[in-house]
Amino acid sequence: MHALFEDAGKFLAGRILSEADASSQIELASGKRVKVKAANVLLKFEKPEPAELMAKAEAIAASVELDLAWEFAPEEEFGFADIARDYFSESAPLSEQAGMLFALYGAPHYFRRAGKGRFKKAPAEILQQALAAIEKKKQLQAQIDAWAQELVAGTCPPAIREQLYKILFKPDKNAPEYKAVVEASRSAQKAPLELLQAAGAIDSAYQFHWKRFLFENFPKGTAFPAVTAPQPPADLPLAAVQAYSIDDSMTTEIDDALSVQGLGTGTVTVGIHIAAPGLAITPGSDLDKLGRARLSTVYMPGYKITMLPDEVVQIYTLDEGRANPAVSLYVTYDEATLEVKDKVTKLERVPVAVNFRHDKLDHIVTEAWLQDPSIQVENTPQPLLDKREELSFLHRLAQHLKAGREQVRGKPENFSRPDYTFRLDGNGDNEPQGHETVSITVRKRGAPLDLIVAEAAIVANSTWGLMLAEYGVPGIYRSQASLAPGVKVRMSTKALPHAGIGVKAYSWATSPLRRYTDLVNQWQIIACARHGATAALAAPFKPKDAELFGIISSFDGAYSAYNGYQAGMERFWTLKYLEQNAITELDGAVIKDNGPNGVLVRADSLPLVISVAGAQALPRGARVRVKLGEIDEITLDIHGTVTERLDDPQDPSDDAPLDDSADDEEDVAGPIAIAVDVNESDSPSADNSNP
């Protein structure tokens, strides 16, 4: 005797070995023996053999017209054998009964299961809804199949092109566009990104990186809504100084300027003047919300996305030829010893005489030029000559301040790497397209004008950070517990030492037009300048204000993303530079072991770190010549092979110098992490159950 039974949603048949009231022992064709509850046995039969019955039943089930079977079915509950006799014939054989069972079980939209081979037909309106949904699903699958075929054939359907970045990075895995990419990847046996590139979904590598960045960080675009920028207070006193800023020619958000008074008197007062949008923009205002949404200006070669609208920036930027609202820190020094005599913070309008551009002046303003008044350089602008004595004092002061910080640090700062400036020719002020001609110029770190500006900013940020703490006003700080390996800089609301800079506290307050944290700190500093000891009561953010922690968290994430994009785009344009100038070899220095991938080599004359295979034996600092391989502009990757070692392995004196940041070097190249999983199986649904 044989039995047909249900087991975990599947129908099986086998030979009955033994029977009891509640269960039977059944042997399957495979030889496996199973214990089956009596309630799960649906048919018993002697002939045909179980395998033959199952094959005939499956063929019959496929031929059943479900619409007709639904019409035949009674309104009340019924058994599968009953409807088999109604549908086929009164003497429906075993195979037709089993075939009807399989057909009913596989069509839950027509027939609802009522247990042990019994069913009840679905109401007409529910059936129509289910059939409509099934038809829609069929059409959708047909669309998915068509899109997948187009992709495999090398054409990208418009719907997938429009959804490209969502599909790759934040997909809805039930969306037909996503499913088409997965299906095509499986069919073509290509990685999704490779498949989409071949199908022309990615217009250019540059646009791929740019649009991905916008998708992840500016999903609503970079345009600003219409806003009205408030004017600064009209009653600010006018400072009795003639200040000047020092920036790159591309800088439009001029945050800081300097002034010097009292040279030759024995007591010199240095003014550090910071643009003051915080005197007009109020917390919670529409402009504040804009700044808080963006958190920082985004920089990249040839372009930037500003934190605030340009018309707002122009009101508060420290433009030459006008008196600008500013938060000023005046530090009085003994002219001979450079001992600090006094510090005072003022809210005022500061006349700015000139906006110096260091990229046009670095060849003039050298250490020798600053130290020796007799040195003359042809075509020196008159405004620079007018400020030569002041700049000489500021440079002497900056060197003194740097030496003092290094004493606190316990070792000198060592940044031997140069800075690089990127210029794109061909896009003007417009968004780059990726085909522009790029030039990369080298600028030595610690150039005199850089040093002057950097040390002034450190004085302001550390002084104001300590002032906030003294008045019990919370601020946003950057701190570093020590210079020990692995101890990183972190942001907090406490005035803690910054070991890397060598100061007791370090707030961010000198770039309020470009960083939201600085604008927040400026509001707090303004409260201190206006209210002194009672500032904590008047400041917008109170001690332990949870909103400050939220700002820090948001800023950290955004700033990291923006810096990562800037680094990626600098690498993109560096690779373009190699291509445009047909550079096939580079000299560089080994900076780090890269495990099985060899070593990382930093180029001597370009801002480029590359992975060099097969060079694990080379020590850190070894100088090498590298032959460059192919460039991948999507992964921003380029590999190389060492062709020659340039230093003497036995003489460490000719090794390349490695600066303080070498240990933190990150290689931005590598595989693009996408969210398309071609190995993920589709979830089963009720309407495609397999009996």
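Residue numbers start at 1 and run along the sequence shown. Please read all numbers here as calculations on a predicted model, not as lab measurements.
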Lys/Arg N to Asp/Glu carboxylate O, K576 vs E579, below 4.0 Å: yes

Ion pair D248/R423, N-O distance below 4.0 Å: yes

Aromatic Y330 / basic K346 pairing, under 6.0 angstrom, 45° off normal: yes

Donor-acceptor under 3.5 Å (H498 side chain, I501 main chain): yes

Salt-bridge criterion met for E547 and R292 (N-O under 4.0 Å): yes

Residues Y206, W573; criterion ring pair (Phe, Tyr, Trp, His ring centres under 6.0 Å); working and verdict: CA-CA 9 Å; Y206 184 86; W573 286 111; 5.7 Å; yes

Nearest-0.5 Å distance that lies between atom CG in L575 and atom CD1 in I631: 5.0 Å

Residues forming a side chain to side chain contact (heavy atoms under 4.5 Å, CB included) with P474, sequence neighbours excluded: Q524, P543, L548

Expected output: side-chain Y477 to main-chain G465 donor-acceptor under 3.5 Å: yes

Donor-acceptor pair between T297 and E253 side chains, under 3.5 angstrom: yes

Any donor-acceptor N/O pair, D518 side chain to T510 backbone, under 3.5 Å: yes

Within 45° cone and under 6.0 Å: R294 NZ/CZ vs F224 ring: yes

